[in-house]
Undergrad: 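There's a structure below that I have some questions on.
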Amino acid sequence: MERSAPQPLQIPVRSRLGDGTIAGHLRVPEAAPRGVVTIHPATATPERFYFSFADALVDHGFAVVTYRMRGVGSPAARTNPRLRMSDWITEDVPAVSAWAEERFPGLPQFALGHSLGGHALLLGFGGEQLSGIVTVATHRAATRDIITRTERMRVRAILAVLGPALTRLLGYAPGERLGLGEDIPRAALLEWSHWVSRPDYFFDIPELAAAARMARMRTPVLSVGAADDLWASPGQIDELVDRLLLAPVERRTFTASELGVRQIGHHGLMRRSVGRGAWPEIIDWLARATEVQAADVRAADAQPADVQAADMRATRVVQTPTRPERVRT
């Protein structure tokens, strides 16, 4: 499918630190888009990392929004020392989601969140109009849950000892030198260090109200991970999505052998050279969700106005449904 050149974006964001903008790009197919997918990045991960997957989505008829979290990369990390990880969740993600909803009214809205981006979505910060959420390597990220002792000690050394020490010395977190990716703000690294040290990750942070937020989430979720991801093991992903009491959840764990690669890891599913064998399943899930929504809209439009009003009244008094059965493959 033909696609036009990416359009640069400057998305406004209201922040506790003062209003600003978020840099990103919009990709659209030549034909009218079937839906919109907003890609919310992982911690310390540049926007360009998601361009190949965004192109694949456009080739299948979706408009796609990508962006970089504020304060990610040099010199942005140095000039935004007070930006926290929780600001990315509660400010950046909602701002970009709202922009996508306003830019494409009437189209099905979807979101893909990688690691931290998925956390924001499962906490309900991805907008009110989402028809589906895909999370990639999004897990309960308590360091104590890391399966292998070697990786657990490595992460603890980086995020609990070396990272905070260097960050306080330099005034920013040198992500590249720490093996975390891009540089990030001082406050973001220190908050991250605090969260991963808690037994239940950010569920132990009262102001986030994470458990309550996830318990009332109803948007369908496809939760994807890799069998060899040492940071987000299948068990750690299950620990997170099991908090979704009302949302229909499908789980998919990919192995390196089925993708024909040596290793997947924490970022591999979004990297073309590694994860492109997994992309058709993700895109097919989004396409099927688009068709379901279109069918629902057609059915609603076909109903008489008095029936639609009765349905709306019934929705308001419906009892809390039983917990949906998880589908795992």
Undergrad: Quick check: H119 with H114 (ring centres under 6.0 Å apart)?
TA: no
Undergrad: Taking C-beta and beyond as the side chain, do F62 and V58 meet within less than 4.5 Å on heavy atoms?
TA: no
Undergrad: I want to check something: taking the side chain as every heavy atom from C-beta on, are W192 and L189 in contact at a cut-off of under 4.5 Å?
TA: yes
Undergrad: For R68 and T45, test the side chains for any donor-to-acceptor distance below 3.5 angstrom and give the result as yes or no.
TA: no
Undergrad: What are the two closest heavy atoms between L259 and V274, and how far apart are they?
TA: CD1-O, 3.9 Å
Undergrad: Could you tell me the separation between the OG1 atom of T38 and the CZ atom of F104, rounded to the nearest 0.5 Å?
TA: 9.0 Å
Undergrad: Are R152 and T148 linked by a side-chain donor-acceptor pair shorter than 3.5 Å?
TA: no
Undergrad: Does any donor atom in the side chain of S223 or E250 lie under 3.5 Å from an acceptor atom in the other side chain?
TA: no
Undergrad: Compare every heavy atom of D229 with every heavy atom of A137, then report the nearest pair and how far apart it is.
TA: CB-OD2, 3.6 Å
Undergrad: In terms of side-chain heavy atoms, does Y172 have a donor or acceptor partner in R78 at a distance below 3.5 Å?
TA: yes
Undergrad: Can you find a heavy atom in the side chain of W88 that is under 4.5 Å from one in the side chain of V93?
TA: no
Undergrad: When you check the side-chain N and O atoms of R84 and S86, is any donor under 3.5 Å from an acceptor?
TA: yes
Undergrad: Check whether F203 forms a cation-pi arrangement with R243 (NZ or CZ under 6.0 Å from the six-membered ring centre, at most 45° off the ring normal).
TA: yes
Undergrad: Should W231 and L162 be counted in the same cluster of Ile, Leu, Val, Met, Phe, Trp and Tyr side chains packed under 4.5 Å apart?
TA: yes
Undergrad: Mind checking what makes salt bridge (charged side-chain N to carboxylate O under 4.0 Å, His left out) contact with D228, not counting sequence neighbours?
TA: none
Undergrad: Does any donor atom in the side chain of S233 or H139 lie under 3.5 Å from an acceptor atom in the other side chain?
TA: no
Undergrad: With heavy-atom distances below 4.5 Å as the criterion, would you say the side chains of L286 and V37 are in contact?
TA: yes
Undergrad: Sequence neighbours left out, what pairs pass ring pair (Phe, Tyr, Trp, His ring centres under 6.0 Å) with at least one residue falling in residues 9-38?
TA: H25-F51
Undergrad: What are the two closest heavy atoms between R251 and G225, and how far apart are they?
TA: NH1-N, 4.2 Å
